[in-house]
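Below is one structure; the comments refer to it alone.
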Amino acid sequence: MKKPDTVPTTSAIILISGYGTNLQTILDQIISDQLPIKIILVLSDNPKAYGIERAKKSGIPTKIINYHNFTNKADFHQSVKNSIKKLDPSLIVLAGYMRILSRDFCHQFKGKILNIHPSLLPKLKGLNTYQRVLESDDEYHGSTVHFVTEELDSGPLILQYRTRIRPDDNPERLKKRVQHGEHQIYPMAIRWFAEGLLKMVDGETLLMGKRMTRPKVLEET
Ligand code: GRF
């Protein structure tokens with residue numbers, strides 16, 4: 001008997017600002033049937049983001065809302081919010097999106113926004129984490145998938161990739177290893193969400209109905 005086609009039910013919007021390697025991994029996994037989501041839009045605040053080309057090559061609708069065309073920040077945020085709201089996605093994936101989301105946006109899509117941040121949160125929130133970790137005494141660096149809340153890089157943690165810092169590391173080398181890990185953990189967390197295993201409830205992460213007190217960790221092998 002013919003296997004019935006599985007219809008992905010999780011509609012996702014991906015927000016990007018740049019190169020889009022995480023986006024590419026997600027696209028590849030969808031194509032190879034490893035990720036049961038449908039991307040309904042890739043939105044960028046940066047008209048030069050290469051990720052837009054990646055989306056187009058895969059036949060995904062794209063939209064650019066150029067941050068620099070707005071004199072008023074609030075209007076930019078409103079425009080992003082309206083474009084997303086009318087598509088009513090089940091999931092919003094931040095994949096290198098370099099704008100801070102408005103409180104209103106976080107509230108509107110509460111529990112539906114995932115981000116990946118290149119540090120072992122709660123350590124090193126904000127920018128330049130590779131440089132900053134190399135200037136610190138930390139033994140490890142990595143990346144974290146988390147739910148997005150109003151506080152920057154502070155939402156409930158889900159999954160981390162961890163790599164040991166090496167004596168000959170520089171920011172570029174470290175970034176390469178961390179991004180290799182990101183391409184494993186981000187699709188994994190997105191899959192959990194799409195399969196209904198992962199939820200944010202009362203400001204906490206629930207995995208298979210169990211409250212997570214700390215993120216799952218995938219170690220570099
Ligand atoms: C990722 O490394 C992620 O940690 C950060 O932005 C970067 C985006 O990279 N949030 P890419 O555009 O997916 O290559």
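Quick note: numbers below take in every heavy atom, side chains included, and nothing from hydrogens, waters or symmetry partners. Order of appearance sets the numbers: ligands from 1, and atoms from 1 within every ligand. Since this is a predicted model, take the numbers as computed values, not measurements.
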Just by modelled atom types, is the D45 backbone N or O under 3.5 Å from a matching donor or acceptor in the R99 side chain? no
Here the atoms of ligand 1 under 4.0 Å from any heavy atom belonging to G20 are 11 (P), 12 (O), 13 (O), 14 (O)
Would you say ligand 1 has an N or O under 3.5 Å from any N or O of Y130? no
Would you check the N or O atoms of I116, main chain and side chain alike, for any that come under 3.5 Å of an N or O of ligand 1? yes
Output yes when the distance from some N or O of ligand 1 to some N or O of G18 is under 3.5 Å, and no in every other case. no
Do other residues, nucleotides or ligands put more than 12 heavy atoms under 6.0 Å from the CE atom of M212? yes
Give a yes or no on this: more than 12 heavy atoms of other residues, nucleotides or ligands lie within 6.0 Å of atom CG of D137. no
Starting from atom 4 (O) of ligand 1, what is the nearest protein heavy atom, named by residue and atom, and what distance separates them? E182 OE2, 2.4 Å
I'd like to know if Y161 and V133 are part of one continuous hydrophobic network [Ile/Leu/Val/Met/Phe/Trp/Tyr, side-chain heavy atoms within less than 4.5 Å]. no
Any nitrogen or oxygen of T21, main chain or side chain, under 3.5 Å from a nitrogen or oxygen of ligand 1? yes
Cluster link L157 to M200, ILVMFWY, side chain under 4.5 Å: no
Is S143 close to ligand 1, meaning an N/O of one under 3.5 Å from an N/O of the other? no
So that I can tick it off, tell me whether R103 and E151 are bridged by a salt bridge, with the cut-off set at under 4.0 angstrom between side-chain N and carboxylate O. yes
Looking at atom 6 (O) of ligand 1, what's its closest protein heavy atom, distance included? G96 CA, 3.4 Å
For H77 and F105, run ring-ring contact (aromatic ring centres under 6.0 Å, His included): C-alpha distance rounded to whole Å, both residues' side-chain angles, the deciding distance at 0.1 Å, then the answer. CA-CA 8 Å; H77 288 304; F105 186 98; 8.3 Å; no
Any idea which protein heavy atom is nearest atom 9 (O) of ligand 1, and the distance to it? Q179 NE2, 3.3 Å
